[in-house]
Amino acid sequence: MTNLRKTLKVGVSGVRGIVGESLTPLLVSSFASSFGRYVGGGRVVIGRDTRPSGEMLEHAVVAGLLAVGCQPVILGIAPTPTVQLMVEEISANGGIAITASHNPVEWNALKFIGPKGMFLDSHEADELLDIYNQQDLNYAEEQDYRDVRQMPDAFEIHQKKIFKHIDVRAIRARKFKVAVDCCNGVGALFTRPFLEAMGCEVVTIFDRPDGVFERIPEPVAENLSALEEFAKTAGADIGFAHDPDGDRLAVVDNLGRAIGEQYTLVLAADHVLSENPGIVAANIQTTRALEDVAASYGCEVVYTKVGEIYVVEKMVELDAEIGGEGNSGGVIWRRIHPGRDSYVAMALILEMLAVSGQPLDAIVRSLPRYCNRTKKFQCPAFAAREIVRHFCRKYADQNPILLDGLRIRMNKSWILIRPSNTEPVLRLTAESTDEKEVSALLEQFSREISELQQQFTR
Amino acid sequence: MRSLKLGVAGMRGVIGSGLAPARIIDFASAFGTFLNGGSVIVARDTRISSDMVSHAVFSALLSCGCQVYDAGITSAPQLHFMVPHLKADGALLLGAGHQGAGWNAIIPLAANGAYFNSIQIQEMLDIYHSHRYQAMNWDKIGKVHSIPLDAGDQYLDALCSKVDVEAIRRAKFTVVADFCNGTGSVIAEKFASRLGIKMIAINNLLSGILPHEPEPRPRSGFQVQSIMAPLKADCGLVFNTDMSRLAVVTDTGETLSEEYTFPLIADYVLSKNPGCHTVVTNLCSTRTLDDIVAKYGCELEKTRVGQANMIDKMAETGAIMAGEGSGSVSVKGWVNGFDGFMAAAMLLESMAVRKMTVSGLAAALPRYFIVKKVINCPSSHAYAVIRSLKKHFADAKINEDDGLRFDWQDGWISLRAAATEPVIRMIAEYKNREMAVDRALYVRGLIERLVAS
């Protein structure tokens, strides 16, 4: 029961906590009941990742929803994008994804999905919390109870929808060999049949769907050495790395090199825009390579705050063709559904390979190459805000983008200084075509941040 | 109505206003913490809200590190049997048994399959009231498992080994049985075919909708009663939803008071097992039982009302059987709980062995007239109200072990606060019908005035 203060996070990204400490059956069922009331009853889709605590939390969610007269539709273990898509497909009033995404195994979380299949935005999250914090929640009487529905084949519906928008025949003809790192997550159940349906030969690692992660779950290049080695040895045309709940994707090329999670979105956007030019939306922490690629099709990139819901809202507002979050390997293609989806990303990138006829390393070589590094500073939220304000004043004449922290554009580089939404941390990201420039920028701003840190935390 | 009751009969309440997921999770967490992990079987009845209750219970038990064995829709006696049979550390029985629609309950069972006794429940409730429960880390939380597919057959195998199946088969009985759309419906057909009886089952859908008041009473037996004659049935059986209680309808179409279920079976069991045995009952069951037990030179031990008290007393005294006027029976050497299937089997065996009709067996019982009334009264005032009646009946012999019981030469009246609902239960029994009705009316008037004031 120690450190309760630091093990529960309630906010726009849902309710996140450590199982056995803060994320208890009681808390989870109460939030599920509040959510059921918030969406006004009706059907609520429930899916979970492979974490061992998922079953326990699912029961608490089902009980909480039944008690306010909702009809839970249980998908069982399913990718988060499948849960989002099913909310739309069956016209449910909402959905709850039980997953702590890339967080370590002891964490789990509830992520709330609104009736359009999109995560709740910050205003909606506030409204939900307001209901949760009223202690007079009205529970339904037995006569108003509804029964539970099981829907174990939801992913097939998801897959069908993707295949409707992809040239599966072209991919089949190429008989790609694909190496997959399933991260012992939902990918271990769904990715092999998904790729095999596109005629791929599939080899997998970390493919036990038990949620006991054998690598750090965030699919960034430094965590993918096992897949790099595996893909190379297997002679794969491409390698894919999942996170535990299947919304993010990282790519390894045909030479067994991780191309960096930023390039998942760049590849997908390049392919989509080549056929359907349009507006691109991306979060503020996305590589400038995306701007360059979009510009080559005469398209514009619109930036948003970090967080899937902000990108999606912008995409809806501007009717964007494609979007995503570069820094997390998140691709959003609205033709399928408005959310990050690693299955959409895989299908788009395979289609790109099939259509171009080139090996992946050649395609990547042809893209503008940026070097991108992030540094973390432990920093209380208050001090972090003051530091960001300081830089805003100092660089006011350089036209910084102030959506979320500040991003300053330089000639062939940019830097981003941004407080984390989930931890007491300030992040400094620098990107440039020149690796030396990245180091220089990081060094320069780190020094400044350290000085300010001392000043504001004194 | 805001209703939640805690006690030897577990946690009971009205779904919505009383029994909400938070309370259920707390209660099941206290149970899991009390057991400190281990294996727990969960059985539920057919009520619509029982699914919600079971999901909440699963979640709490898994969090406590318990391995959960999901028995699904299973009757109470099967669960009493299964816990020691499958060597589980405990069980939770979900379902409100005899209570009306809208209610539900969670009843903890110990490793021997019996309701928690008063000491066990007290220890568990202390944990519940502390609101501090065991919560395991991700790698120590439990999983939900299924129970053996033939668990129902194993129960019936064991049951058949305890009764004279051959005698029952030879008698070729036709039986009408009302399962109140409860858990008994699941193995009803198998039960009938094992005993070789022709059973016409009614209200045997697992719909969760109560077709009539679930307490087996003369007035809930009317459906069975009405088809006895056209079907030429030898016997009618009216069960409650969790199969712990039974009322009997005779071949002549009389629904016997549920008070007579236990005396009918006691008369047979005691005649078959000569000797000086102890029989356990509660303080407000019919005098018919006193007469029967005296007839066989046995001893009658009376305790407070409730299955937990009955079974506990039975273990303490080594009694041959225990039962209550609510239509419940438990026999030595069988499961540690009331069993409607066993009660029905014993009744049929007694008809077969003694070659008598059930109306004949009933006619041989000494009869009294019983009036039962339920008077609404908030639980917090019930005892005060009951106690204040003492001065009105100075001429009676008074027993205060469970509520108050006033005994006169020609009859008795029992008043107690129900363990499961905010009501006072009154029972009046006299040799003479007018006297019973008259006394009951008088006392009811007294209480209603006291409650109102």
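Chain letters run A, B, ... following the sequence lines, proteins first, then strands; residues in each count from 1.
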### Query
Nearest 0.5 Å, what's the CE-CG distance between A:Met56 and B:Leu61?
11.0 Å

### Query
Per the side chain to side chain contact (heavy atoms under 4.5 Å, CB included) rule, which among B:Ile15, B:Val14, B:Leu19 passes with A:Glu142?
B:Ile15

### Query
Do you know the tightest heavy-atom contact between B:His55 and A:Val148?
NE2-CG2, 4.3 Å

### Task
Below 4.5 Å from any heavy atom of chain A, which atoms of B:Asp26 appear? Answer side chain, backbone, both or neither.
side chain

### Task
Flag the one option from B:Ser63, B:Ala60, B:Ala22 with the top tally of heavy-atom pairs under 4.5 Å to chain A.
B:Ser63

### Task
Under 4.5 Å heavy-atom distance to chain A, tell me which part of B:Ile48 shows up: side chain, backbone, both or neither.
both

### Query
Looking at A:Ala67 and B:Pro21, what are the two nearest heavy atoms and their distance?
CB-CG, 3.2 Å

### Query
Can you say whether A:Ala140 sits under 4.5 Å from chain B via the side chain, the backbone, both, or neither, judging by heavy atoms?
backbone

### Summary
Looking only at heavy atoms, the pair that brings B:Ser59 and A:Ala60 closest together is OG-CB, 3.2 Å

### Message
Under 4.5 Å from any heavy atom of chain A, what part of B:Lys143 do you find: side chain, backbone, both or neither?
### Response
both

#### Entry: Region of B:Val68 that comes under 4.5 Å of a non-hydrogen atom in chain A
neither

### Query
Do A:Ser29 and B:Ile25 touch side chain to side chain, with heavy atoms closer than 4.5 Å?
yes

### Query
Is atom CG of B:Leu205 surrounded by more than 12 heavy atoms (other residues, nucleotides or ligands) closer than 6.0 Å?
yes

### Message
Restricting to non-hydrogen atoms, name the atom on A:Tyr139 and the atom on B:Gly16 that form the minimum distance, rounded to 0.1 Å.
### Response
CB-O, 3.6 Å

### Query
Looking at A:Glu58, A:Glu55, A:Glu141, which makes the most heavy-atom pairs under 4.5 Å with chain B?
A:Glu55

### Message
Counting heavy-atom pairs under 4.5 Å with chain B, which one of A:Val105, A:Asp147, A:Thr24 comes out on top?
### Response
A:Val105

#### Entry: Partner chain B: residue of A:Pro52, A:Ser30, A:Ser33 with the largest heavy-atom pair count (under 4.5 Å)
A:Pro52

